[in-house]
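Below, chain A is the first sequence line, B the second, and so on; all start at residue 1.
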Number of protein chains: 4
Amino acid sequence: MRANSSSSEQDRSFTERGRRAQIVEAAIEAIVELGYSRASFGQIAKRAGLSSTGMISYHFRNKAELMQQVVTDVYAAAEELVGARIDAAGTARDQLRAFIESSVDFYRTNHRQLRAITEIFLNERGDDAALPHRRELEGMRELLRAGQRSGEFRDFDPHVMAVTLRHALDGVALRLGVEPDADADRYARELETTFDLATRAG
Amino acid sequence: MRANSSSSEQDRSFTERGRRAQIVEAAIEAIVELGYSRASFGQIAKRAGLSSTGMISYHFRNKAELMQQVVTDVYAAAEELVGARIDAAGTARDQLRAFIESSVDFYRTNHRQLRAITEIFLNERGDDAALPHRRELEGMRELLRAGQRSGEFRDFDPHVMAVTLRHALDGVALRLGVEPDADADRYARELETTFDLATRAG
Amino acid sequence: MRANSSSSEQDRSFTERGRRAQIVEAAIEAIVELGYSRASFGQIAKRAGLSSTGMISYHFRNKAELMQQVVTDVYAAAEELVGARIDAAGTARDQLRAFIESSVDFYRTNHRQLRAITEIFLNERGDDAALPHRRELEGMRELLRAGQRSGEFRDFDPHVMAVTLRHALDGVALRLGVEPDADADRYARELETTFDLATRAG
Amino acid sequence: MRANSSSSEQDRSFTERGRRAQIVEAAIEAIVELGYSRASFGQIAKRAGLSSTGMISYHFRNKAELMQQVVTDVYAAAEELVGARIDAAGTARDQLRAFIESSVDFYRTNHRQLRAITEIFLNERGDDAALPHRRELEGMRELLRAGQRSGEFRDFDPHVMAVTLRHALDGVALRLGVEPDADADRYARELETTFDLATRAG
DNA sequence: GATGAATGAGTTTTCATTCAT
DNA sequence: GATGAATGAAAACTCATTCAT
């Protein structure tokens, strides 16, 4: 019998959720240290302090479900922080600034998580994995279009700008992992200025 | 004796280089279609029209060397095109524009190659793989600094801007693979405007 | 202390026997639906409405003991029905007819049970599992020999005839599982005629 | 790269066919000695003198294909012998006799093979595995119907008789495996008499 | 009695690499 | 140069069994 037979998050017990979270964290560690293709159940189990890979299969139906959970968890944490900051901002220009600033804030302590889901996106080809990513791009396009309608932003292509911003931010997260002494604030400030100049009207 | 024992490119015969190029092309196909973690020698051999994986081991010391060759080949082709266009440009501002334009030109027909080396960079952790990437960033920083010294560019952080541009361009390449009808020119134009606005002096 | 430590059937409590019967029934279901090799404790527990395979281990020393119990239970039920019908018959010829008829009667509602023990016999190689099977063959030989002594049956080899009848009946049970609309009476009538013709004296 | 990528039997090289036959033989050994559920690739490799289970996967796409090959090989050998003997017989009665006699002849040296495919039939639930079995039953029904049309056989149900004969013969094969000193001729003679008496017209 | 978590051995399968021909 | 066969390690996943609660 396995614990992963229940499908909904609420159905899971306290300890069960704890174990899953612990395994998700270990998966992130393994991906960041070794790369997706070498992040085997064996490596993940070792980092989770589990004595056998069977324990991972006990908590997750298969490897795809574990990877999906990594993506879900990281997105949930990011949206909680970033969403609140955007909602607190007034104009579209301030919202864009808040989005960049809070994203970099998130990466400051979570660049490993970002690195992990970047690798998962590239390797897990199913549409399920890419869904939150597409939803996020959609949200960014909407924010940019709203600013264009209100006259705050110039007449750029919202899709191209959203893609550009998304990947620029990914780049920051990647850099924060590679450069140990990187100053996150510096990245935030520069990106805010850059995209403010690139988007603002006349 | 095996073909991969010679270390330098010049030492290789014409047919030897042809075979290696053919395998490199097949490796790119496999990575793009299946993802790095599923791009096995078997899949690569199939795409190269070889009936045995032994042939790959004959031409490359090991899998890492093959992946290294993919990176080297793609960078060489890109630099040939992009370098010439930059050299032909006059001011730093024109050089930046030429860099973006020629990069997107390259991606138009080579986004699969870009996708492949992106996946390789993330998975091959050795410093060797990242070397050309670091060299390219260095070149971009230099171009930006030159524009600041000449007064064409405002006083941004060259490193952050280089990283931002690099990943924005990666995003374009990725998008050209994902969106079948994507208009490369549109991406090029928008990016040129965006980074022109973001970098130019007062 | 665990329930399976007591060796004799009498020692077990009422509820204990109920639980064991419930698990035995679930094991039969699992074997019939999935085949012996895929009838895991997990599948059996699911069909028994248990949320943990531990419960099965609690009631049975090991998997072999559970399978043994399946065989024992099915044989006990079959012998109860078939034995009574044979005892009620007079001549050897009538006994043979009664044996076939009551066997098919049993299969009509219990072909799943028969299918299960057929698979268990083939997979559990220990002598214990085959014991009731050997005892039954012995009984059939005795019935046939008695008919030969009384002059009702011709001079065939009782062992071969018993084996033939036994497997012919197994075939009927298997067919009743495979053919949804099979007519058990038809099988019974044909087999009675067939073995009557095959055994009767001149 | 794997040898099993070619689908047709003719495409395979001489040595490839030899290896496959050797593995099929080892699979039969393993199933007969251990039972289907314990006949793992490890056990089969050991009996085939292979140093790793990878070799089996190299020659067969998966376990199901190996088991299918066992069934195919055994049926092909049996049909070659039995088919020739039936064709050589004249009347339906002689054909039935020839069928039984040649089947037992085949079991004399091949009861292990029969035992193996019996277990495979019970465990591999896919229709593919059962196909040759259904084809054989169909042939037997046709033989019996022809005898009824010609007036040689009485008016029994051909389907029930075919099933009975098929399982009676399976029983012989099983017995020849269990009883080391069993006399195959005795089984053949008794079965011929039994089914002759059971089928012949008034 | 019952549950869920844990364990460790065992399963099939994939893979890079080597080597004889 | 090229092929196919072989090897052995490692992969994901399953399972019977044990045990604390």
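Scanning residues 22-40 of chain A for heavy-atom distances under 4.0 Å to DNA chain E yields an empty list.
Between the side chain of B:Q43 and the backbone N or O of B:A30, no donor-acceptor pair lies under 3.5 Å. Between the side chain of B:E119 and the main chain of B:Y36, a donor-acceptor pair closer than 3.5 Å is present. A:Q69 contributes no side-chain N or O that, together with a main-chain N or O of A:E65, makes up a donor-acceptor pair within less than 3.5 Å. With hydrogens and angles disregarded, a donor-acceptor distance shorter than 3.5 Å links the side chain of A:R20 to the backbone of A:H59. In this structure, D:R12 contributes its side chain and D:R17 its backbone to no donor-acceptor pair below 3.5 Å.
The shortest distance between the side-chain N/O atoms of D:S13 and the OP1/OP2 oxygens of F:dT3 is not below 4.0 Å. Look at A:R19 and you'll find a side-chain N or O under 4.0 angstrom from OP1 or OP2 of E:dA6. Side-chain nitrogen and oxygen atoms of C:S57 include none within less than 4.0 Å of the OP1 or OP2 phosphate oxygen of F:dC15.
Nucleotides of DNA chain E nearest to D:Q43 and C:G54 differ in position, and the one nearer the 5' end is that of C:G54. Of the two residues near DNA chain F, B:T15 and D:T15, the one whose nearest nucleotide lies more 5' is B:T15. Mapping B:G49 and C:M55 onto DNA chain F via the closest heavy atom, the residue that lands nearer the 5' end is B:G49. If you find the closest nucleotide of DNA chain E to B:G42 and to A:M1, the one lying nearer the 5' end belongs to A:M1.
Base contact: D:S52 has a heavy atom under 4.0 Å from a base atom. C:S51 comes within 4.0 angstrom of the backbone, heavy atoms only, and of no base.
To the nearest 0.5 Å, atoms CE (D:M1) and OH (D:Y58) are separated by 9.5 Å.
Between the side chain of A:T53 and the base of F:dC13 there is at least one donor-acceptor pair of N/O atoms closer than 3.5 Å.
If you check E:dG4, E:dT17, F:dA6 against the side chain of B:N62, the one that comes closest is E:dT17. Side-chain proximity of C:L50 to the nucleotides E:dT3, F:dA6, F:dT3 is greatest for E:dT3. When each of E:dG1, F:dA2, F:dC13 is scored by its nearest atom to the side-chain atoms of C:H59, the top-ranked nucleotide is E:dG1. Each of F:dA5, E:dA5, F:dA16 was ranked by its minimum atom distance to the side chain of D:E16; first place goes to F:dA5.
Residues B:R125 and A:R38 come closest through the heavy atom pair N-NH2, 4.4 Å. Contact detail for D:A64 and D:E124: the closest heavy-atom pair is CB-OE1, 4.0 Å.
Distance, A:F41 CZ to F:dA11 C1': 10 Å, rounded to whole Å.
In the displayed structure, A:K46 atom NZ is contacted under 6.0 Å by at most 12 heavy atoms of other residues, nucleotides or ligands.
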For this session: Take D:R112 and D:E25 through the salt bridge (charged side-chain N to carboxylate O under 4.0 Å, His left out) test and state the conclusion after the steps.
Result: CA-CA 10 Å; D:R112 289 165 52 265; D:E25 184 53 39; 3.1 Å; yes
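Remark: DNA chain F takes part in the stems E:2-21 with F:2-21, each of 3 or more antiparallel Watson-Crick or G-U pairs, criterion distances under 3.5 Å.
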